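The next block holds one structure in the form of structure tokens; read it before the comments.
Each ligand, and each atom within it, is numbered from 1 in the order the structure gives. Quick caveat: nothing in here was measured; it's all calculated off a predicted structure.
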Amino acid sequence: MTSQHAVDSARRALLGASASAAALTGLGPWQHAFAQGARPLPGYAAWKDAGAMIVHSPNTIELRRSAMGDGVITPASQLYVRNNLTPPNADILTHGDAWQVQIEGVRKPRPFTLAELKKMPTETVTMVLQCSGNGRGMFPSKPAGTPWQVGAAGCVMWTGVPVRDLVRVLGGTDAAAKFLTGTGGEVIPPGVDPKSRVERSVPLLAANDALVAWELNGQPIPLAHGGPVRLIVPGFTGVNSVKYVKRIAFTATESDASIQQTDYRMSAPDAKGMNPSDPSVWEMPPKSWINSPLPESGTLRAGAAVIKGVAFGGTKAVKQVEVSTDGGATWKVASLVGPDLGRFAWREFVANVDLSAGTHRLASRVTDVMGRTQPEARIENKAGYLNTSWRDHSVTVTVA
Ligand SMILES: Nc1nc2c(c(=O)[nH]1)N[C@H]1C(S)=C(S)[C@@H](COP(=O)(O)O)O[C@H]1N2
Ligand SMILES: [Mo]
């Protein structure tokens, strides 16, 4: 993975991403990690930028808010990792071109090898990949699960074959099809419930934007991110983009896997368990947050300051971002800056503000082209999904 790392470093230099938290404190990445009492990166993600990441567990790694930096594209070395099961053995990448994806629920079902997919016309989509539970750490109810802050998200480019092209080649979907169902290639050990497999169904309409991808930011997808082949569902939360995808099916019903039926649902906070009739976590609602300044930036000088952050509309483009320096009492329109990489990508925003001495609560809120504005309050739910509350994402800075 050394070459991947070199490419990422080069890209980071090109994009001018801001210094990591480690650099700000004058410590090297490893010293920084130790200073934080942090766990080391697991082997399959050892090539990541250690100083920029928070290792919650070997299967849950997030990007520090202070390391989100400038530049619209998140380098792979700084992209969060979330695995529900142990990732497959790395040797699936050694013979990546032989990897097979079975396409079912179409007139002419058949498997495609990655080598065959690579001969078809490709598309590239830039999109926000964000865990359903990003922002869970801000729920006062402390739901079970990783207490992600903002860093279980990144904006990355995926290249592959559009699912709709495969459907066309295979004669169209079955008449009864209502869902696009992707199955992950993890090996479920014998004796373990097969319903523990990672298999997600999304409404059929999502197939219009979906890709069967093998490149992340112009490089082969690393194992940590689902290589050799991943199903990409733009605008939907991360769980719906199935890694190591081995089967894509057009189905009349949702998968019976527990990750579909009794997980990733917006259940009442006091519900006993998750009910398959509760709404599924699918499309991402509009969301934004500030990455600079942050409390860890230290005391700021009174006077002119620049607020920077990222904003996205989920499935719709960003129309406007507003910022507040007084905890939401008054708002000012921010400027959208940097490249517009399409409606699934995030936009960077900046606002020039004047900060007087004292403490200031800085907040941002996005409005998409449909007129949906990021709400003040989170939607309370049992597992802490889809936190878009601008208040939860606000930060307090000290000015002297
Ligand atoms: N096969 C498979 N696909 C998966 C998962 C998984 O555990 N196995 N985790 C999902 C979840 S919950 C998220 S948030 C994203 C994380 O993608 P990343 O690790 O590339 O950031 O992958 C999704 N796809
Ligand atoms: Mo996730």
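Under 4.0 Å is where a charged nitrogen must lie from a carboxylate oxygen, and between Arg65 and Glu296 no such pair does. Salt-bridge formation is not detected for the pair Asp368/Lys287: no Lys NZ or Arg NE/NH1/NH2 atom is positioned less than 4.0 Å from an Asp or Glu carboxylate oxygen.
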List, for ligand 1, each N/O atom that has a protein N/O partner under 3.5 Å away, with both atom names and the distance.
from	atom 1	to	atom 2	distance (Å)
ligand 1	1 (N)	Glu186	OE1	3.1
ligand 1	1 (N)	Glu186	OE2	3.2
ligand 1	1 (N)	Lys243	O	3.0
ligand 1	3 (N)	Lys243	N	2.9
ligand 1	7 (O)	Asn84	N	2.6
ligand 1	7 (O)	Asn84	ND2	3.1
ligand 1	8 (N)	Glu186	OE2	2.6
ligand 1	9 (N)	Arg82	O	3.3
ligand 1	9 (N)	Asn84	ND2	3.0
ligand 1	17 (O)	Arg230	NH2	3.0
ligand 1	19 (O)	Arg82	N	2.9
ligand 1	19 (O)	Lys243	NZ	2.5
ligand 1	20 (O)	His225	ND1	2.7
ligand 1	20 (O)	Arg230	NH1	2.8
ligand 1	21 (O)	Tyr80	O	2.6
ligand 1	22 (O)	Arg230	NH2	3.1
ligand 1	24 (N)	Ser241	O	3.1

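Taking every heavy atom of both residues into account, Val125 and Leu211 meet most closely at CG1-CD1, 3.6 Å. Here the closest heavy-atom approach between residue Met68 and residue Trp289 is recorded as SD-NE1, 3.4 Å.
By the ring pair (Phe, Tyr, Trp, His ring centres under 6.0 Å) test, Tyr264 pairs with Tyr385, sequence neighbours left out.
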Discussion item. Quick one, Asn83 with Tyr44, criterion side chain to side chain donor-acceptor pair (under 3.5 Å). Give me CA distance, side-chain angles, the key distance, then yes/no.
Written reply: CA-CA 11 Å; Asn83 279 301; Tyr44 73 101; 3.3 Å; yes

